[in-house]
Structure formats: structure tokens, C-alpha cells
There are 2 protein chains.
Amino acid sequence: MKKNLQNPSIINSSIRKAISDDEEQIWSILKPIIRNGETYAIRKNTKRNTAIKNWMYGKHSCYIIENDTKVMGSYYICPNQEGGGDHICNCGFIVRSGLAGNGYGRLMVNHSLNLAKKMGFKGMQFNFVVSNNKNAINLWKSVGFEIVGRLPLAFHHPTDGLIDALVMFNNFSKE
Amino acid sequence: MKKNLQNPSIINSSIRKAISDDEEQIWSILKPIIRNGETYAIRKNTKRNTAIKNWMYGKHSCYIIENDTKVMGSYYICPNQEGGGDHICNCGFIVRSGLAGNGYGRLMVNHSLNLAKKMGFKGMQFNFVVSNNKNAINLWKSVGFEIVGRLPLAFHHPTDGLIDALVMFNNFSKE
């Protein structure tokens, strides 16, 4: 029950499009994830403005999940390729430190899949899932993603060394 | 023999780093490839300056293969990911229209593999090889690439419709 005590109000959480006023809270979630370098192929010393620009803006549409006014997690959605590949989207997800396993990630990925379909995308691709990120991989599988590629020793994990990364794909036309 | 008449001097061709003076010749090769939209996931109406910026500059190091002063093809090399993924590189290759099959692609990919190893990369990844681009796929396989992923219907080909794209990987540590 510890998880529920940590976070009693997930049922009251809601998801909305991020605005610039959310930057500080998003950075407070993103910063430790970038600094530990275990799950994203992002330079560990990436500065706040670069990280926020890359997460929230450009080709990314950015969403947050919040309880009251506390941001608990965030995701972005964008086309994964342009031109002849622009019907497949890509997303990235972050959950506030200490809150993994409470369901915020699942709420966000389901939201993103619904949004992607509404936007007309035909599938969602994750290009680089670190192969020892078991909780994430299990979550992606539970909502319809399949492992479609394995990149040999493509990620240098800070404690586990060189490990594989996975390409995962959710093909909406299979449903 | 038609190919050799078209292009008698591949044995005299050489590869060097591209400079800004090469932009017009590179664009003359890149433009029809982008406009036909059959092999790269790049918007078909991409403008010259955007295309050249994306091909030659930024994180890309750009090379050309030339006969005398005529540019016959070009490639770029860059890290495929940053952070924990920056030991794997990515490359893209273009050959002047009508000159496919003359060996320029093979000379460039061999050059890129040697360069990548010198630069300290541990592998080379192609993220999005259009699955009906058989000549390219056979060339990549002949120099050590393996298909490590298949992206279902991820490419909208102008004449063949929705077809798969492939992830191909050359793991230098396997040699």
C-alpha cells in the first residue's frame, strides 16, 4: 500500500497540453532522468533550456499529467519521420522521481495512443528503448507494442555497461 | 557496357570532405532523390537550403566522391543518438541520378565504415531503409550490415503504397 500512500490521488489526475508555465515542473522531472542517464540517450550534462526545448517544443506536442497543480509526468508526441514516414508517430514519457509504478505512465501512454489515432497516425514507434528498462517494456507490451528490432550493444548504461536497445512498434491497423 | 560508357572513370574517383563550394553539386544530386520520395523519409517539397543544411551541416560531417571536379555522390556521418547511444553512428548516401550500380555507393560506404572506426564508433545503424530498395539493401548486406528490425508499413512509397522499412546495423565488434 506504500505506493498509494505516496500518491493517493492518481484517480483525480488529469492530462492536458503543456504550457510554458509548466516548464519548471517538467524540468524538475526531466532533470534527474537526464542526469542519471539510464533510460534516455540524452547527454547527461544537457542544460535546462536545451532539454526543455527538445522535450516541449519544435516538432513535439507536449502534454502533462497533474494532480491539482502538481505535475506528475509528461509526454511528447511528434511524427517519427517526415515525408513518406510521417504517418507513424513517436512519443517520449517521463514520470516524477519516486512515482514510478503508480499508473501515471499507463494513463499517459493510453492518452497518447488515443490522441495519435485522432491525429491520423497509423502507428507509434519507440526508436530506442533501453533493454534493461523492464517496467517500461512491460508497460509498452501491455498496451499493444511489439519489439520489432534489437540494436546490439547500442546503449552505454552507467552501471550495466554496453547493453542492447530495442525498437518497439504499435501498429494501429492491426486492431 | 553502357554503365562504363556513362561513367568511365570510377577508378579515378576520390573521396574528400565536402566544402560549401560543393553545395550546388550536392543539391543537384539530392534534389531529384528528395522530389521522387522513393528512398528517403524527407518531405518531397523540402527547399534547397533546408535540404542542404540537413545533409551537410549540424551534427553531420559530409563527404563527396568526385571524378575530376564532378561530384558523383555524397554521404554524411553523425552519431545516431546522443548520450549513452553516441558510440553508434548513422550515415546517409546519395549517388547522382543515372549512376547507380557503378560502384560509387560501395566506395562511399567502405570509406564511411573505415572513417567510423577511426572516429571511435562501435557500429553503424541505418534507421529507415525502405524495404523495396533492393540494390541498397544488398549493398549494405555485402559490407556487413544485418537487418535487425522491420517497421511494419512505416513508409508510404509513391507508387507501391504502404511498405515496410528496415533497421540495419553493422556491429564493428563482431569482426
Side-chain angles (χ1 to χ4, degrees), chain A residues 33-46 50-51 54 79-90 121-130 132-133 146-174, chain B residues 33-46 50-51 54 79-90 121-130 132-133 146-174:
Chain A
I33 291 169
I34 291 177
R35 294 289 179 263
N36 80 26
E38 292 182 350
T39 53
Y40 276 92
I42 300 176
R43 279 183 298 106
K44 289 169 78 164
N45 63 353
T46 300
T50 301
N54 291 345
N80 196 45
Q81 301 282 345
E82 58 172 49
D86 70 359
H87 59 290
I88 306 298
C89 65
N90 171 247
F121 288 114
K122 304 304 183 196
M124 187 182 291
Q125 181 175 332
F126 299 152
N127 301 302
F128 203 84
V129 180
V130 176
N132 69 356
N133 193 356
E146 294 176 13
I147 295 170
V148 297
R150 178 174 283 270
L151 312 172
L153 305 181
F155 187 71
H156 196 143
H157 189 279
T159 52
D160 291 353
L162 287 173
I163 58 176
D164 294 350
L166 307 175
V167 183
M168 299 187 73
F169 201 97
N170 193 323
N171 186 354
F172 302 164
S173 59
K174 276 187 75 175
Chain B
I33 291 169
I34 291 177
R35 294 288 179 263
N36 80 25
E38 292 182 350
T39 52
Y40 276 92
I42 299 176
R43 279 182 299 105
K44 289 169 79 165
N45 63 352
T46 300
T50 302
N54 291 345
N80 196 44
Q81 301 281 346
E82 57 172 48
D86 70 359
H87 58 291
I88 307 298
C89 66
N90 171 247
F121 289 113
K122 305 304 182 195
M124 187 182 291
Q125 181 177 332
F126 300 151
N127 301 301
F128 203 84
V129 180
V130 176
N132 68 356
N133 193 357
E146 294 176 14
I147 295 171
V148 298
R150 178 173 283 269
L151 312 172
L153 305 180
F155 187 69
H156 196 144
H157 189 278
T159 52
D160 291 353
L162 287 173
I163 58 176
D164 293 350
L166 307 175
V167 183
M168 299 188 72
F169 201 97
N170 194 322
N171 186 354
F172 301 163
S173 58
K174 275 186 78 175

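Note that these values count all heavy atoms, side chains included, but never hydrogens, waters or copies made by symmetry. We name chains A, B, ... by the order of the sequence lines, and we start the count at 1 in each one. Predicted model only: the values in this text are computed from it and were never measured.
Interface remark: B:Phe169 contributes side-chain atoms only to the contact with chain A (heavy atom separation under 4.5 Å). Looking at A:Val148, the atoms closer than 4.5 Å to chain B (heavy atoms on both sides) sit in the backbone and in the side chain alike. Interface remark: A:Phe128 contributes side-chain atoms only to the contact with chain B (heavy atom separation under 4.5 Å). Interface remark: A:Leu162 contributes side-chain atoms only to the contact with chain B (heavy atom separation under 4.5 Å).
Inspection of non-hydrogen atoms places A:Gln81, A:Glu82, A:Gly83, A:Gly84, A:Gly85, A:His87, A:Ile88 of residues 79-89 of chain A under 4.5 Å from chain B.
Partners of B:Asp164 by side chain to side chain contact (heavy atoms under 4.5 Å, CB included), not counting sequence neighbours, listed by chain and number: B:Ser131, B:Arg150, B:Pro152, B:Leu153.
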